Amino acid sequence: NAAPPLLLDELTAGVDNEDAVLISWSLDAISWAPDDKMIAYPYFGDIDAPKTKIKALDNDREQILSGVIKVLWSPDGSSRLESFIDFELGSARFAITDLQTDKTRTILTPPGIVLPFDWSPNGKQILTSVYVEDTDTWDLFLVQVNGDPPLQLTDTADLTEQYSAWSPDGQQIAYGVGGGLNRLSFDAIEIIPSVGAAAPRRVVSQSGVGKFVWSPDGENILFSGTSGDTSDLFTVNLTSGVITQLTDTPEYELFATYAP
């Protein structure tokens, strides 16, 4: 889903449109409640003091969460994951608010900044990337909603793993390898099982790999990739490994998704 037109001016208020970090952050941070009646989005002004606004779409009700860079509802809509961040201290934490009791609890205080995260399809885990200062890289972690210790999925001193996504059945995890803080491009896409130890399987190795999504049946991944001086759309079949180019234009095609 895209942000309703009435929110677009507010979404970008105070944001330097030439700053790819903030723009990509804005795109990642927009989220909808499962019933499509509420939306959460970054409410910029001072980037050092982030806020998120939660707005009802059928009335004037709204709520502002200070210090929160992103909100994501659980798959069943009963809880809300809130990512707090302090740029000055370089710290972050994850908290979950039970929407029935309105009680909030912290489930993770990582050693550094965390970036895009995603609920597992069963709502029991949170997939995220955490900045590791010792190696100046990002690694993947599975955060347990019940408060159990998080599980580190990758531990690479010379590679960055970011922008991870669950397969529709929750059995696999895809993530971008390489790239920088802006999360707009990677050097490859790899897949690992969500349970058990296994070596990662590289399914795409192509310069300028951009944001990607699983197909609803879990058989393909749709992604953008550099093609000459532009960016086009591609799919990779996860069984055959065949990559198919979908677009070939002088324009930039980015942030594509599948219809349900």
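Only a predicted model underlies this, so the values are computations on that prediction, with no experimental measurement involved. Residues: numbered from 1 along the sequence shown. Atoms considered below: every heavy atom in the structure, side chains included; atoms not considered: hydrogens, waters and symmetry mates.
- For Phe94 and Phe84, the distance between ring centers is not under 6.0 angstrom.
- If you check the side chains of Thr154 and Asp139, you find a donor sitting under 3.5 Å from an acceptor.
- No side-chain N or O of Glu251 forms a donor-acceptor pair with one of Thr230 less than 3.5 Å apart.
- Taking 4.5 Å as the limit, every side-chain heavy atom of Thr52 sits out of range of all side-chain heavy atoms of Ile64.
- Between the Thr106 side chain and the Leu108 main chain, no donor and acceptor come within less than 3.5 Å of each other.
- Just one residue in the list Leu127, Ile192, Ile189 forms a side-chain contact (heavy atoms from CB on, under 4.5 Å) with Tyr175, and that residue is Ile192.
- In this model, a donor atom of one side chain and an acceptor atom of the other lie less than 3.5 Å apart for Thr247 and Glu253.
- In the hydrophobic clustering of this structure, Tyr258 groups with Leu233; members are Ile, Leu, Val, Met, Phe, Trp, Tyr whose side-chain heavy atoms approach within less than 4.5 Å, directly or through other members.
- Formation of a donor-acceptor pair under 3.5 Å by the Ser74 side chain with backbone atoms of Ser79 is found in this model.
- Residues Leu142 and Leu153 are in side-chain contact: their nearest non-hydrogen atoms beyond the backbone lie under 4.5 Å apart.
- A donor-acceptor contact shorter than 3.5 Å links the side chain of Trp214 to the backbone of Trp166.
- Aromatic rings from Phe212 and Tyr163 are positioned such that their centres are separated by under 6.0 Å.
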Problem - side-chain contact (heavy atoms from CB on, under 4.5 Å) between Thr226 and Asp232, worked out - result: CA-CA 6 Å; Thr226 300; Asp232 288 307; over 6 Å; no
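- A donor-acceptor distance shorter than 3.5 angstrom exists from the side chain of Ser215 to the backbone of Asn220, with no hydrogens or angles considered.
- The heavy-atom pair separating Gln100 from Asp98 by the smallest distance is N-OD1, 2.8 Å.
- With sequence neighbours left out, Arg201 forms a salt bridge (charged side-chain N to carboxylate O under 4.0 Å, His left out) with no residue at all.
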